[in-house]
Amino acid sequence: MVGSGLASLPLIWNFLLHDYQRQRVLTLIDPTSDPLGKGFHTLQALIAIGSGGVFGKGWMEGTQAHLDFIPERTSDFLFAVFSEEFGLIGNLFLLVMYFTLIVLSMKIAINASNTFSKLLAGAITVDSGRPL
């Protein structure tokens, strides 16, 4: 399946994607190709993540987010804002908390009493990251 998926990539790229979709993919791969245009926000997010360092700048002290270099700082670029304010240590803590939540949720799904409960708990676990 992986091989057929990789073999179909040229067809998808040439016939199914529109120009703006191809541009988005290329900008995601290399945001420096258009640093003042389409890659601007991605580069600002990378700057915010890097400026947080190991320990971060502190709660509400991030310059990239609070000086409006990062748009949609409460949704799309939330991780960049969190990284700038809490640094690498905060990111590791956040990832451990997410991993723990997923493991405990899957444990609930595995230990459920019947098939319906297992499927429901598993579906809630898998779908919990999607916004309403």
*Asks:* Is there side-chain contact between W59 and F86, with at least one heavy-atom pair below 4.5 Å?
*Replies:* yes
*Asks:* Which heavy-atom pair separates G90 from F82 by the least distance, and what is that distance?
*Replies:* O-CE2, 3.3 Å
*Asks:* For W13 and V25, what are the C-alpha separation, side-chain angles and deciding distance, and is it a side-chain contact (heavy atoms from CB on, under 4.5 Å)?
*Replies:* CA-CA 10 Å; W13 184 262; V25 171; 3.8 Å; yes
*Asks:* Search all heavy atoms of I110 against all heavy atoms of K118 and return the closest pair with its distance.
*Replies:* O-CE, 3.5 Å
*Asks:* May I ask whether L95 and L78 are part of the same hydrophobic cluster, defined by side-chain heavy atoms of I, L, V, M, F, W, Y residues being less than 4.5 angstrom apart, directly or through others?
*Replies:* no
*Asks:* Parallel, tilted or perpendicular, judged at 30° and 60°: which one describes the rings of Y20 and H18?
*Replies:* parallel
*Asks:* With the side chain counted from C-beta on, respond yes when F79 and N91 share a heavy-atom pair under 4.5 Å apart, and no when they do not.
*Replies:* yes
*Asks:* Nearest 0.5 Å please: distance from the OG1 atom of T42 over to the CZ atom of F40.
*Replies:* 10.5 Å
*Asks:* Would you say M1 ends up clustered with L6 if hydrophobic residues are merged whenever their side chains have heavy atoms under 4.5 Å apart, either directly or through other cluster members?
*Replies:* no
*Asks:* Between L104 and I108, is there a side-chain heavy-atom distance shorter than 4.5 Å?
*Replies:* no
*Asks:* Consider only side-chain N and O atoms of N114 and S117, and report whether a donor and an acceptor are under 3.5 Å apart.
*Replies:* yes
*Asks:* Atom OG1 in T125, atom CG in L120: separation rounded to 0.5 Å?
*Replies:* 9.0 Å
*Asks:* In the single-linkage hydrophobic clustering (I, L, V, M, F, W, Y; side-chain heavy atoms under 4.5 Å), do L88 and V96 co-cluster?
*Replies:* no
*Asks:* Please check if atom CZ in R24 has more than 12 non-hydrogen atoms from other residues, nucleotides or ligands closer than 6.0 Å.
*Replies:* no
*Asks:* If I take atom CG from residue L43 and atom OG1 from residue T27, how far apart are they, to the nearest 0.5 angstrom?
*Replies:* 10.0 Å
*Asks:* Mark yes when over 12 heavy atoms from residues, nucleotides or ligands other than K57 sit less than 6.0 Å from its NZ; otherwise mark no.
*Replies:* yes
*Asks:* If you look at every heavy atom in A80 and A48, which pair is closest and at what distance?
*Replies:* O-CB, 4.0 Å
*Asks:* Side chains of Q64 and E84: any donor to acceptor distance under 3.5 Å?
*Replies:* no
*Asks:* More than 12 non-hydrogen atoms from neighbouring residues, nucleotides or ligands closer than 6.0 Å to CZ on F93, yes or no?
*Replies:* no
*Asks:* Apply side-chain contact (heavy atoms from CB on, under 4.5 Å) to the pair L16 and L11, showing each step before the final yes or no.
*Replies:* CA-CA 7 Å; L16 295 179; L11 295 173; over 6 Å; no
